[in-house]
Amino acid sequence: MDRADVATRLERLDRLAAQLDSCFRIPWLGVRFGWDSIAGLVPVLGDLATALVSFTLVLEAHRLGAPLPLIARMVGHVLLDALIGAIPIIGTVFDVLYRANDINLGLLIRHLGTNPGRN
């Protein structure tokens, strides 16, 4: 896999992580949140749905050659986000504050030694 292909994949994953974790901002507070937080308002089902989408990033990390310990760590972030996120009220706050996809993308970028450059 060449560098251009890796960069293209990382840019796509960067957009996915941003949509799930930080594409919206609460004015005056500067708090960012994404579709994961919004879907989490539907108990259990919303968190399950966004966890399935989050596993796209984990699967792509596997395809890019990430080692098993890194994949396991990424899976742990997604599961933690889904499990805590499924708790009413507390889970919604957790979803806003804990950005599993951004964390996982950062882990993958560090592993690959590259940066897609989020705008």
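Predicted model, so just to flag it, every value in this text is computed and none were measured.
- Each of L10 and L16 belongs to its own hydrophobic cluster when Ile, Leu, Val, Met, Phe, Trp and Tyr are linked at side-chain heavy-atom distances under 4.5 angstrom.
- Between T50 and A39 the shortest heavy-atom distance is CG2-CB, 3.6 Å.
- Taking the side chain as every heavy atom from C-beta outward, F55 and M74 never approach each other to under 4.5 Å.
- Within the 4.5 Å cutoff, side-chain heavy atoms of L80 are placed close to those of F94.
- One hydrophobic cluster, built from ILVMFWY side chains closer than 4.5 Å, cannot hold both V58 and L52; they sit in different ones.
- Proximity of I38 to F24: side-chain heavy atoms (C-beta onward) are separated by under 4.5 Å at one or more points.
- Residues Y98 and I87 are members of separate hydrophobic clusters, defined by side-chain heavy-atom contacts under 4.5 angstrom among Ile, Leu, Val, Met, Phe, Trp and Tyr.
- For the atom pair H62 NE2 and L59 CG, the distance stands at 7.0 Å (nearest 0.5 Å).
- A distance of 11.5 Å separates CG in L105 from CZ in R15, rounded to the nearest 0.5 Å.
- Residues A82 and A51 approach most closely at CB-CB, 3.9 Å, considering heavy atoms.
- The CG atom of L41 lies 9.0 Å from the CG atom of D47; values are rounded to the nearest 0.5 Å.
- Across all non-hydrogen atoms, the minimal contact from P67 to H111 is CD-CE1, 3.3 Å.
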Next on the checklist: The test is side chain to side chain contact (heavy atoms under 4.5 Å, CB included); show your working for L64 and E60 and say whether it passes.
Outcome noted: CA-CA 6 Å; L64 289 169; E60 194 64 34; 4.3 Å; yes
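- Taking a 6.0 Å sphere around CZ of R73, one finds it holds 12 or fewer heavy atoms contributed by other residues, nucleotides or ligands.
- A heavy-atom distance below 4.5 Å is not found between the side chains of F33 and S22.
- Inter-residue side-chain proximity for V53 and N101 is flagged as unmet; no heavy-atom pair is nearer than 4.5 Å.
- We find the CG-OG distance between L20 and S37 to be 9.5 Å, quoted to the nearest 0.5 Å.
- Side-chain contact between L108 and L112 is present, with heavy atoms from C-beta onward closer than 4.5 Å.
- Going from atom CG of D21 over to atom CG of D102 covers 4.5 Å, rounded to the nearest 0.5 Å.
- Counting heavy-atom neighbours within 6.0 Å of I89 CD1, excluding the residue itself, gives a total of 12 or less.
- Hydrophobic clustering (side-chain heavy atoms under 4.5 Å, transitive across Ile, Leu, Val, Met, Phe, Trp, Tyr) groups V96 together with I26.
- Here the side chains of R110 and L107 are in contact, with some heavy-atom distance below 4.5 Å.
- Hydrophobic clustering keeps I103 apart from L97 (ILVMFWY residues linked when any side-chain heavy atoms are closer than 4.5 Å, directly or through intermediates).
- The shortest distance between side-chain heavy atoms of V42 and L45 falls below 4.5 Å.
- For P43, the side-chain contact (heavy atoms from CB on, under 4.5 Å) test picks out no residue, with sequence neighbours left out.
- One finds the OG1 atom of T56 at 8.5 Å from the CG atom of L13 (value rounded to the nearest 0.5 Å).
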